[in-house]
Amino acid sequence: MEGLMQDWPLLVHTILDHAAKYHGDREVVSRSVEGPIHRCTYRDIDRRSRKLASALSKRGVELGDILGTMAWNGYRHMETWYAVMGLGAVVHTVNPRLFADQLDYIINHGEDELFFLDLTFVPVLEKIQDTIPKVKSFIIMTDEEHMPDTSLREAVCYETLLAEGDGDFQWPSFDENTASTMCYTSGTTGNPKGVLYSHRSNVLHAMAVCAGDALALKSTDTIMPVVPMFHANAWSLVFSTPMSGAKFVLPGAQMDGASIYELLDTEKVTFTAAVPTIWLMLLQHLEQTGEKLPALERVVIGGSACPPAMIETFERNYDAQVIHAWGMTETSPLGTLCVTKGGLEDLDADAAWQIKLKQGRVPYTVDLRIEDDDGNALAWDGKAFGHLKIKGPGVAKGYFKSEGGDILDRDGFFSTGDVSTMDEHGYMQITDRSKDVIKSGGEWISSIDLENIAVGHPDVTEAAVVGIAHPKWDERPLLVIVRREGSEVSGEDVLKFMDGKIAKWWMPDDVAFVDEIPHTATGKISKLHLRQQFEGYVLPTANAAE
Ligand code: AMP
């Protein structure tokens, strides 16, 4: 027997409908690429998204088309998302930090026909436009006054296009499983692969993320995603913020510590999210200036492991709660969030702190497993570590155009490529990426654990650990460090600091100092480039072993 409830497909434009109707006056504040701070409301975004959708549909955009964007977090980018998805077409966000050949590959593979870009990226696309022939027209996200002189073919001014549309445009209805957004994985091995989200997966993920035991987003919040919209849907915040009715702050192109501080301060941001490298810049700025952030309540840190020292600094010096989160492009992206759990209120301070450092526990809609190499389930004791697998309505079941083939196991779980533990309370902790774990004498050493301890030293700004070939042990850890400006700290000092905090055999065999640690397009430490940089490196312990 079927239930007698209404059929209300989970389409993303219903989120904007809700925000415009019930939180219509709430502000959307953007640092525009042209310079000034731009202010509008959800009501404005709704009307302009409808206008844009109407203009695009007059130009022939329809269900199933794929449109590319290369843009910062800003109101025009948000309108473009809602307009394109509202038509049943797909927004393909392209990460501008990728290398030119990866950009070509992704734009061609995604078959983007129309391409939206911020002014910043006009030179980037001018350079590659001949190698992306399928793009028929480039829409530059600015007004007539700021339109550049460009060689881009069929270049259209965004505001001129929008003016062709009708603000009363009615969204078409279609199946909630229709594709809505597409993001390519970072692709450290082989070509990047397209993850194709659906309306249903985006809406369910946003609802799960809003929940009290997840990010607990409220209409009284002011939310600023520093994480870009081209990095796994800005961790859902372009959906979950209007869903909650919170004020929205979009930081645009400037992500240095001073610019981020300025917006956090002037807009009284209560909730923000980004990768650790962004917070490193902000914390350095705060330390230099002595400024505080009294309005800030919660900081989500994810994308790579958050060092304990960073959690401590936010919580102790700035009175802001850190929510450590883990996820992947393939998982919408939020898979786990480190929030307190009912029943654990009486843990002593040390035990509570150890939990706080973990990547967290799942919201409803996510299921996890850890397995050994033979696929046997491992104990949830916080010690056994193995391959982390994930399942849920926000997890990919395949890649665009079936690249990579079948990606689910017999039970429908996706293998994350991460190695982790699970504890008895269901908290997950990442040990390492399986490719980055250091295999020493048949045992594993977590590069993340070593990095976390090393950055706790006051003279270490950033640390990375890679495995270096060793004649006796297969691999041994090399610690690579960026010193704090002006510091002369030695490798010996840092190792002495680490002594006693880890098992003796985990101690790095050597320390190398660099001016900069390479990062990927999404701000993670690029172990691939570090391994290339230190290829052939001879550890001092290697000769002794021979
Ligand atoms: P991406 O799909 O590019 O966002 O990368 C996903 C990968 O980033 C995961 O599989 C993890 O290896 C890593 N990652 C994300 N969040 C965390 C975290 N909080 N701690 C450690 N690694 C993380």
Qualifying side chain to side chain donor-acceptor pair (under 3.5 Å) pairs with a residue from residues 246-257, counting only residues at least two apart or across chains: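 Counting only pairs at least two positions apart or across chains, the side chain to side chain donor-acceptor pair (under 3.5 Å) contacts touching residues 246-257 are K247-E267, D256-S259.
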task: Give every residue pair that meets the side chain to side chain donor-acceptor pair (under 3.5 Å) criterion with at least one member in residues 82-98, sequence neighbours excluded.
output: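 Matches after skipping sequence neighbours: H92-D112.
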Listed by chain and number, what are the side chain to side chain contact (heavy atoms under 4.5 Å, CB included) partners of [X], not counting sequence neighbours?
{"X": "P36", "answer": "S32, E34"}
{"X": "S415", "answer": "K389"}
{"X": "F174", "answer": "L11, L63, P172, T178, H199"}
{"X": "A246", "answer": "D221, I223, T241, S244"}

Sequence-distant partners of Y75, side-chain hydrogen bond (donor to acceptor under 3.5 Å, both in side chains), two or more places apart: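 side-chain hydrogen bond (donor to acceptor under 3.5 Å, both in side chains) check on Y75 returns nothing, list empty.
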- prompt: Taking only residues two or more places apart in sequence, or in another chain, which ones meet S54 in a side-chain hydrogen bond (donor to acceptor under 3.5 Å, both in side chains)?
  reply: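 Partners of S54 under the side-chain hydrogen bond (donor to acceptor under 3.5 Å, both in side chains) test: none.
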task: Verify whether one side chain among S198 and N177 offers a donor that lies under 3.5 Å from an acceptor in the other.
output: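 No.
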query: Salt-bridged, E159 to R76, with N to O below 4.0 Å?
result: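 Salt bridge flag = yes for R76 with E159.
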- request: Kindly confirm or rule out a cation-pi arrangement of R369 over F413, judged by NZ or CZ under 6.0 Å from the six-membered ring centre and within 45° of its axis?
  value: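 Output yes; distance and angle both within limits.
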message: Does anything in residues 133-167 form a ring-ring contact (aromatic ring centres under 6.0 Å, His included)? List the pairs, not counting sequence neighbours.
response: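 For residues 133-167: none.
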query: Where the side chain of D213 meets the backbone of P363, is there a donor-acceptor pair that is under 3.5 Å apart?
result: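 Flag not set: sc D213 to bb P363 has no pair under 3.5 Å.
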Distance-only donor-acceptor pairs under 3.5 Å for side chains of residues 395-402, two or more places apart:
from, atom 1, to, atom 2, distance (Å)
Y399, OH, E330, OE2, 2.6
K401, NZ, H109, O, 2.8
K401, NZ, E111, OE2, 2.7

Partner residues of W326 under the ring pair (Phe, Tyr, Trp, His ring centres under 6.0 Å) criterion, sequence neighbours left out: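 Once residues adjacent in sequence are excluded, W326 has no partner under the ring pair (Phe, Tyr, Trp, His ring centres under 6.0 Å) criterion.
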field: Pair listing, salt bridge (charged side-chain N to carboxylate O under 4.0 Å, His left out) test, anchored in residues 122-145, at least two apart
entry: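 Qualifying pairs: E113-K136.
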